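So the structure is just underneath, and the comments pick up after that.
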There are 2 protein chains.
Amino acid sequence: MPRRSSGRVTLQHIAERVGVTKITVSRALREPHLVSATLQLRIESAIDELGYIPNHSAGALASGRSHSVALLIPSLSNSVFSEIQRGIEEGLSEAGYQVLIGHTGYSILEEERLIDTYLRYGVEALILPGSRHTGHACRLLRQARIPVVETLELTETPLDINVGLDQHQAGKAMTQTFLDQGYRRVGFLGARMDHRAQLRMAGWETAMQQAGLSTERCLTTPHPSSYRLGGEMLASMLDRWPDLEGIFCGNDDLAAGALFECQRRRMNVPDQLALAGFNGLDITEATSPPLATVVTPRRLIGDTIARRLLARLQGAPLQPASEDLGFRIRRGGSL
Amino acid sequence: MPRRSSGRVTLQHIAERVGVTKITVSRALREPHLVSATLQLRIESAIDELGYIPNHSAGALASGRSHSVALLIPSLSNSVFSEIQRGIEEGLSEAGYQVLIGHTGYSILEEERLIDTYLRYGVEALILPGSRHTGHACRLLRQARIPVVETLELTETPLDINVGLDQHQAGKAMTQTFLDQGYRRVGFLGARMDHRAQLRMAGWETAMQQAGLSTERCLTTPHPSSYRLGGEMLASMLDRWPDLEGIFCGNDDLAAGALFECQRRRMNVPDQLALAGFNGLDITEATSPPLATVVTPRRLIGDTIARRLLARLQGAPLQPASEDLGFRIRRGGSL
DNA sequence: ATGAAAGCGCTAACAG
DNA sequence: CTGTTAGCGCTTTCAT
């Protein structure tokens, strides 16, 4: 009688049932071509009958490989990440990796906690939103010696793979679009104000300053963005700066919320007020008028991450480098 | 020289550095009160210096406990789940559980695959969206003998814990609200048509039939729902049934998309066409007019799941039972 | 308060 | 194609 035992069905049980040793059963599962066809069948049926479920921890411990990768996303309710995730998942699951999702709530402290957790789980790579991390997180990542992907934004000093787009440049380009259309009193509206939101806003500032225009018409909040918030903040801005001609919103949710508030006030968009968002989510094509936005190549980002990460996992050397996948301005009808 | 070794820092390394055995280090980590204060400090600093990261697989294998729970969600881009997730995560992480997120893409086959995967990982409980599962999934769940939560919808035959709301009843109640307001030619618009969407639609049918009204004005698609799709489907419905007085949309995205299409056509909502959605997402309060919707208690669902699951994890017996957390109809201004 | 021994379930390495 | 042996890194159990 064993002193400890989980009562779970193990390889050993299958092996006894079939009349071989457990290593053969193990092989039948992992390298079927090394096992005779008849045995293979008998093993399969024994597994089925007994309801064997492999113990991932035991396998990972013995082999030193977890076949899993962690993907950290800032928020579950932000659809920006869903396409990126699809690209990543498709590429990696094909190669036998399980993608473990964690969400940071836009906090680098929570990101640090998750990095620690997933390193304990022995993930073979980490995909992180953004390029800002806590000092301890960076130390953990360095020690772990596993591939790391930083995504969404670009950084001068990537830890490893960096795939995204230049958020500052994109913010600047969208602002320039306002200016090209003749708008002058262009404000900025931002929520949450994570690093990417800050970069976009900085892009707006740069463009405005280069055009010799005022950057005073700016309203931001640390609160999470939402449609409602977009409407409320638009109202505040119009109160304070009734002369506004256009507003660049840090993301599509805010822009849509702002548009709804304009509709409520019977303000014509873009004649009385031009609006633009950021990301090119589905909603920007559905509203009336469609919203101007910066279309980000999210699916491409996901595919690219999968491809480059697989190369690293399969032995490609560490060569920290950024890959800029660009963006596209879409004027919609709101600008 | 050991034949195999990962090169990672282990408990053994810490122990040697401090001059104790590894079991003492292990205790210092898990039951600090059993270790003398001075040792505790020396162990902590050694861990810090060497950058020790515990190996979760080894711990899980030795103890038979993974301290993790899997939460499967249908889609990352659907914010319906984000509040549920928050409630679950807060409750469980406080109790020392790591919540692993997986997404099924609304497919019970993918759900089955994820259940299998996470059982291999040794999760101590599973939280599933919905009550429809493949036969093999049910078998796996039964064999695993761990707590299972089925959520969002209610079922007569819960596997274990079941927390949600009566989707059929909710669909019926929203339809009845149309009828109470005097609308008669009320259609139904649905996308994706997963089980919950089907239940909502069945609720609409029931209410219409009980009122002796036609259920012909119904358009559904298996495609994922989106704002754009809501607009396109509304257009099709108006083409086909120009006499429509109201449309109950299976979710808020479709309803919002439909509203935008009405705005494009300069159709007054609700005078020319009444609209309603389902879930009570943020957008329903932001549009102009605000959208009628079925407000679902998502945060409460999450909190309730956490509470009941913790009880089960701490030994409460298996007592399959459903908990109906209800819903609220909000008329908004579109109905 | 600390230690020794055994073992969790699996796979790497080598043998045949 | 199949088996033997050792060990992955940790925790349990029992001793001291």
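In this text, all values refer to a predicted model and were calculated from it rather than measured experimentally. Throughout, protein chains are lettered first and strands after them, A, B, ... in sequence-line order, and every chain is numbered starting at 1.
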Contact class for A:Gly59 vs. all strands (heavy atom < 4.0 Å): base, sugar-phosphate, or nothing?
sugar-phosphate

Let me know the distance between [atom1] of [X] and [atom2] of [N], rounded to the nearest Å.
{"X": "B:Leu34", "N": "D:dT12", "atom1": "CG", "atom2": "C1'", "value": "14 Å"}
{"X": "A:Asn55", "N": "C:dT11", "atom1": "CG", "atom2": "C1'", "value": "13 Å"}
{"X": "B:Glu31", "N": "C:dA1", "atom1": "CD", "atom2": "P", "value": "12 Å"}
{"X": "B:Ile43", "N": "C:dA1", "atom1": "CD1", "atom2": "P", "value": "13 Å"}
{"X": "B:Tyr121", "N": "C:dC10", "atom1": "OH", "atom2": "P", "value": "15 Å"}
{"X": "A:Gln40", "N": "D:dC1", "atom1": "CD", "atom2": "P", "value": "11 Å"}
{"X": "B:Glu16", "N": "C:dG3", "atom1": "CD", "atom2": "C1'", "value": "15 Å"}
{"X": "A:Ile47", "N": "C:dC10", "atom1": "CD1", "atom2": "C1'", "value": "14 Å"}

Out of [options], which nucleotide sits closest to the side chain of [X]?
{"X": "A:Lys22", "options": "D:dT2, C:dG7, C:dC10", "value": "C:dC10"}
{"X": "B:Ala62", "options": "C:dA13, D:dT11, D:dG7", "value": "D:dT11"}
{"X": "A:Leu61", "options": "D:dC10, C:dG9, D:dT2", "value": "C:dG9"}

For [X] and [N], is the shortest distance between a side-chain N/O and OP1 or OP2 below 4.0 Å?
{"X": "A:Thr24", "N": "D:dG3", "result": "yes"}
{"X": "B:Thr21", "N": "C:dG3", "result": "yes"}
{"X": "B:Ser26", "N": "D:dT11", "result": "yes"}
{"X": "B:Arg30", "N": "D:dT11", "result": "yes"}
{"X": "B:Ser36", "N": "C:dT2", "result": "yes"}

Between B:Ile88 and B:Val69, is there a side-chain heavy-atom distance shorter than 4.5 Å?
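Counting from C-beta outward, B:Val69 and B:Ile88 never come under 4.5 Å.
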
Write down the atom of B:Val163, the atom of B:Leu154, and the distance for their closest heavy-atom approach.
C-CD2, 4.5 Å

My understanding is that only one of B:Pro224, B:Pro222, B:Ser75, B:Pro129 makes a side-chain contact (heavy atoms from CB on, under 4.5 Å) with B:Tyr106; could you say which?
B:Ser75

Students often mix this up, so state it plainly: with edges at 30° and 60°, are the rings of B:His56 and A:Tyr121 parallel, tilted or perpendicular?
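Parallel: the ring planes of B:His56 and A:Tyr121 meet at under 30°.
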
Toward the 5' end of DNA chain D, which comes first, B:Gln12 or A:Ile23, by nearest nucleotide?
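Here A:Ile23 is the residue nearer the 5' end.
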
Please name the residue in the list B:Gln319, B:Arg312, B:Arg308 that meets the side chain to side chain donor-acceptor pair (under 3.5 Å) test with B:Asp160.
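Going through the options one by one, the only one that passes is B:Arg312.
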
